[in-house]
Each structure stands twice: as C-alpha cells, then as structure tokens.
Amino acid sequence: MTTPEDASPADAVARLRRYQEILNDFGRLAAEARELAQLLQLACVQAARGLGIRHTKVMRYRPSMGDLLMEAGVGWKPGLVGHATFGTDVASPPGRALQSRQPVSIEGLPDNADFRYSSILRDHGIVSVVNAPVTVDGMVWGVLEIDSEVPRHFSRDDITFLCALAGVLGLAIQGRLLEKKVDDVVTRSIAEAERQKVLMRELVHRDKNDFQRIMAILLTLQAKQTDPQARQGFAHAIDRVMAISLAHDQLAMHPDRESIDLAGYLQALCGSLRQRSENVGVEVQVDAVELPHERAVALGLITNELVTNAIKYAFPNGGGTVRVAFTIDRARAQGTLIVADDGVGMGAPRQGSSGLQLVEALARQLGGAVERPATSQGTVVRIAFVLVTSGPAQPAVISAAR
C-alpha cells in the first residue's frame with residue numbers, strides 16, 4: 001500500500017497546495033452559504049475532494065438524545081442523511097473524537113478491538129476512518145468524518161487538513177448560531193432573562209470543559225494499560241463521567257432552570273447507551289418531573305450502571321430488551337425506579353462488584369434501598385425512595401427503543 005510518506009517531495013508539495021486551495025475555497029463558500037444544511041454539505045464535499053474519499057459525513061451532537069446525528073454526507077445510501085445516528089461513547093470512533101476533543105484516526109476499523117464497528121459502516125465496506133471534532137464557541141458541536149473503503153494510512157498532513165476544515169466549519173456554524181441568537185433576543189426583548197441564560201450557559205460550559213478534560217486524562221491512562229481488567233475499569237469510569245456530563249447538558253438546554261427534567265435526562269442517557277449494542281433495545285417510560293441536580297444525577301448514575309450491566313451480561317445468546325421505568329406515587333411522596341431485562345438473568349449479586357456497590361451507595365443517598373424482586377425471566381432491580389421534586393409535573397411516556 002502506498003502511503004503519503006512514500007510520495008515524492010514534488011507530490012507532497014502538490015498535495016499541500018491542494019489542501020490550501022480547498023481550505024481557501026471552503027472559507028469563501030462558507031461565508032456565502034446562508035443555510036446551515038448547505039454549509040454542512042459543502043464541508044463534506046470539500047473533505048471528499050481534498051482526500052480523494054468517496055464517503056464523508058458531518059454529525060451533530062444531540063444532548064437531548066445522547067447521540068450523533070448525520071446531518072450531511074457524501075456517498076451514503078438514501079435515507080441515512082438526516083436519520084442515521086452514532087454513539088457518543090468512547091468505543092464509537094466519532095464518540096471518542098467528541099469526548100476527547102482530539103482527532104481519531106483508525107486504519108483497520110473492523111479488526112480494532114478498542115472501537116465498535118457500526119452496521120452502517122459495515123454495509124458500506126468502510127475500513128479506515130478519520131474523525132475531527134467540530135468546535136463552536138469552545139464546545140464540541142459535532143464531528144466531521146472521512147471514511148475509506150480501502151485500507152488507508154492517513155498522514156499527519158491529511159489529519160491536519162481535516163482538522164483545519166473542521167475548524168473553519170466550526171467558525172461558520174458559530175456565525176450562523178450567533179445570528180439566530182441575536183434575532184431571538186431581539187424578538188423576545190427580555191434582556192434580564194437573556195443575561196441569566198448566558199450566565200448559566202457559561203457555568204455549564206466550564207463544567208463541560210472539566211468533564212472533557214477528565215475524559216482525555218482517563219483515555220490517556222486507559223491507552224497505557226495492558227491489563228484488560230485495568231482498561232475495563234477506566235472504561236467504567238469514563239461511562240460514569242459521561243452520565244454526569246449528560247445531566248449538565250440538560251441544564252444547558254434550559255439555562256433558566258436550576259433543576260433537571262428527569263424524563264429528558266433519562267431519555268438522553270438511554271439513547272446513548274442503546275448505541276452500544278445493535279441487538280439490545282432500551283425502552284424508557286418516565287413520569288415527567290423536575291428533580292434537583294444532585295438527585296437527578298444519582299438516578300442517572302444508577303440507571304447507567306444497571307442498563308450497562310444488562311447490555312453486557314443479560315443477553316449472551318442474542319438480543320433482547322432493557323426497560324427503564326420511573327413512576328411517582330404522589331400520595332406517598334415516593335419515586336420508584338425499575339430497570340428490568342428479558343435476558344437470561346444475572347443470578348446472585350457478584351461479591352465485590354464496584355458497580356453494585358455504587359448503585360447501593362447512591363440508593364442510600366436518595367433515602368432508598370436496592371431490591372431484586374423474583375421474576376420468571378431476566379433480572380429486575382427496583383429502588384423506591386422519598387421524592388423531593390423541584391416543581392409540578394404531569395405523567396409522560398417517552399420511548400427510546402431501537
């Protein structure tokens with residue numbers, strides 16, 4: 001396989017000039033594009049042109065769903081753009097770029113044990129990918145990805161070009177969002193309310209940056225470990241940080257609130273978790289309620305542990321469904337979380353399990369206890385506790401099933 005490093009000096013110079021021309025062209029076209037969809041599609045076209053790749057895509061991070069949505073693309077089968085989603089966890093190539101804020105290059109994706117090989121990439125025969133985070137106003141807005149059907153080594157110049165293209169795209173997106181924001185502020189004419197929202201966004205922004213720094217540190221430590229058990233421990237730690245980070249994303253979506261919409265939070269959390277297995281569905285049914293941040297995060301961490309365990313251990317022979325339900329008994333001022341699966345059953349609790357210990361500690365923090373009622377199939381975990389809410393709510397049903 002010929003790599004860019006094998007090219008002659010003249011070819012290398014020509015390639016760099018082509019990259020420069022494409023970046024100049026994209027900067028000019030981005031300034032003229034008025035619609036966001038047009039801007040994103042231009043980025044895909046220019047990335048494909050620069051690297052000679054048939055498949056490219058731009059994915060937008062959706063905090064409300066906990067996934068990455070393909071907003072634009074080149075070379076994909078009909079019906080995928082605008083609908084296909086990808087995971088935000090570190091086993092997903094674009095998810096790792098999102099969480100670490102660093103480019104991710106993978107030459108042999110099907111054989112790489114650190115990453116999940118999605119069915120979409122498999123259907124298109126993709127074997128080599130590069131992901132570059134798209135940053136808007138200091139936050140990772142999404143990911144720009146190039147996908148190759150043939151094994152390919154991407155040089156440092158290739159990756160630098162893609163990152164530069166993603167940087168220009170981020171600046172252009174920021175300009176569109178700022179224009180929309182100004183229009184919204186003028187329309188609403190509520191200066192004080194807007195000031196409070198900006199302050200809250202800044203607070204959540206700083207927290208999010210802290211989470212991303214923690215992710216980068218954990219990923220670095222994980223990469224240095226050769227012991228599978230140690231690597232698994234770092235992966236669990238990353239999952240837990242992500243669960244807390246999603247709660248802060250919910251606050252960022254509603255900066256005028258000091259509480260978290262539990263239904264939206266659990267929907268986003270389980271939306272992220274269901275990306276980890278193509279054969280396991282995750283259904284969520286939650287009575288709508290707003291909870292204080294600390295209690296919502298505790299419930300999120302519990303849900304993260306229980307659903308993750310079910311996905312990993314409950315279905316060794318195939319697929320199934322994990323159901324997450326949260327109900328409110330207002331007469332008793334009690335909330336109940338139930339996580340159940342229709343798998344093979346997990347048997348007695350594993351002694352020394354850090355996940356189980358965390359669930360029990362968080363349940364005590366909420367003023368409840370962990371129960372495992374008998375069931376004819378699968379495993380059921382029930383946690384009831386005294387409900388402390390932040391506002392009125394009406395019942396709502398939200399589905400995150402595959």
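Only heavy atoms go into these numbers, but all of them, side chains included; no hydrogens, no water, no symmetry mates. The chain is numbered in sequence order, starting from 1.
The two residues I159 and P103 make their nearest non-hydrogen contact at CG2-CB, 3.8 Å. Considering all non-hydrogen atoms of both residues, S128 and V150 come closest at OG-O, 3.7 Å. Annotation for S148 and I53: closest pair CB-CD1, 3.8 Å, computed over non-hydrogen atoms. When all heavy atoms of A84 and I120 are compared, the pair lying nearest together is CB-CD1, 3.5 Å. Smallest separation of non-hydrogen atoms from A166 and A132: CB-CB, 4.0 Å. The shortest heavy-atom contact between G335 and L387 is N-CB, 3.9 Å.
Note that OG of S277 is 11.5 Å distant from CZ of R274, once rounded to the nearest 0.5 Å. Within the model, atoms CG of N131 and CE of M59 stand 5.0 Å from one another, a figure rounded to the nearest 0.5 Å. Note that CD of Q334 and OG1 of T336 are 4.5 Å apart. Values are rounded to the nearest 0.5 Å. Of the inter-residue distances, the one linking K312 atom NZ with R276 atom CZ reads 8.0 Å to the nearest 0.5 angstrom. In this structure, CD1 in I302 is found 8.0 Å from CG in L358, a value given to the nearest 0.5 Å. Between the CG atom of L51 and the CD1 atom of I146 there is a distance of 4.0 Å, given to the nearest 0.5 Å.
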Discussion item. Could you go through V286 and Q267, starting from their C-alpha distance and side-chain angles, then the distance that decides it, and tell me whether this counts as side-chain contact (heavy atoms from CB on, under 4.5 Å)?
Written reply: CA-CA 9 Å; V286 181; Q267 180 197 36; over 6 Å; no

Fill in: Test side-chain contact (heavy atoms from CB on, under 4.5 Å) applied to L273 and D89, step by step
CA-CA 8 Å; L273 293 172; D89 59 298; over 6 Å; no

Worksheet item: L169 and F26: side-chain contact (heavy atoms from CB on, under 4.5 Å), yes or no, with the steps?
Response: CA-CA 9 Å; L169 175 60; F26 181 61; 4.1 Å; yes

Discussion item. side-chain contact (heavy atoms from CB on, under 4.5 Å) for E32 and L29? Distances and angles first, verdict last.
Written reply: CA-CA 5 Å; E32 298 172 356; L29 294 170; 4.1 Å; yes

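Side chain of Q41 to main chain of G73: a donor-acceptor pair is present (N/O by atom type, distance under 3.5 Å, no hydrogens or angles). Listed for the T375 side chain is no donor-acceptor partner under 3.5 Å among the backbone atoms of G378. A donor-acceptor pair under 3.5 Å is formed between the side chain of S118 and the backbone N or O of L121. With R295 contributing its side chain and L366 its backbone, the two residues share a donor-acceptor pair below 3.5 Å. Put simply, the side chain of D342 gets close to the backbone of T321: a donor and an acceptor are under 3.5 Å apart. Between the R116 side chain and the Q275 main chain, a donor and an acceptor come within less than 3.5 Å of each other. Looking at N112, its side chain never comes within 3.5 Å of a backbone N or O of G108 through a donor-acceptor pair. Using a distance-only test at 3.5 Å, with no hydrogens or angles considered, a donor-acceptor pair links the side chain of W76 to the main chain of T56. Between the side chain of R372 and the backbone N or O of R382, no donor-acceptor pair lies under 3.5 Å. Between the side chain of T308 and the backbone N or O of N304 there is at least one donor-acceptor pair closer than 3.5 Å.
Within 6.0 Å of atom CZ in R28, more than 12 heavy atoms from other residues, nucleotides or ligands are found, so the atom counts as buried in its surroundings. Residue R122 qualifies as enclosed at atom CZ: its count of foreign heavy atoms under 6.0 Å is above 12. Heavy atoms of other residues, nucleotides or ligands lying less than 6.0 angstrom from CD of E35 number 12 at most.
Taking the side chain as every heavy atom from C-beta outward, F326 and I338 never approach each other to under 4.5 Å. V359 places a side-chain heavy atom less than 4.5 Å from the side chain of V370. Here the side chains of P292 and S259 are not in contact, with every heavy-atom distance at 4.5 Å or above. Inter-residue side-chain proximity for F86 and E145 is flagged as unmet; no heavy-atom pair is nearer than 4.5 Å. Between I126 and E149, some side-chain heavy-atom pair lies under the 4.5 Å cut-off. Side-chain contact check for L337 versus V324: some heavy-atom pair is nearer than 4.5 Å. Counting heavy atoms from C-beta outward, D158 and R152 have side chains that approach closer than 4.5 Å. Two residues are said to be in side-chain contact when any heavy atoms from C-beta on lie closer than 4.5 Å; L165 and L144 meet this criterion.
Q46 and R49 share a donor-acceptor pair across their side chains, judged by distance under 3.5 Å alone.
Each of T85, D67, T88 was checked for a side-chain hydrogen bond (donor to acceptor under 3.5 Å, both in side chains) with R62, and the lone residue meeting it is D67. Partner of D147 under the side chain to side chain contact (heavy atoms under 4.5 Å, CB included) criterion, out of R54, H124, H55: H55 alone.
One finds no salt bridge joining R323 and D341 here, because no Lys/Arg side-chain nitrogen approaches an Asp/Glu carboxylate oxygen to under 4.0 Å.
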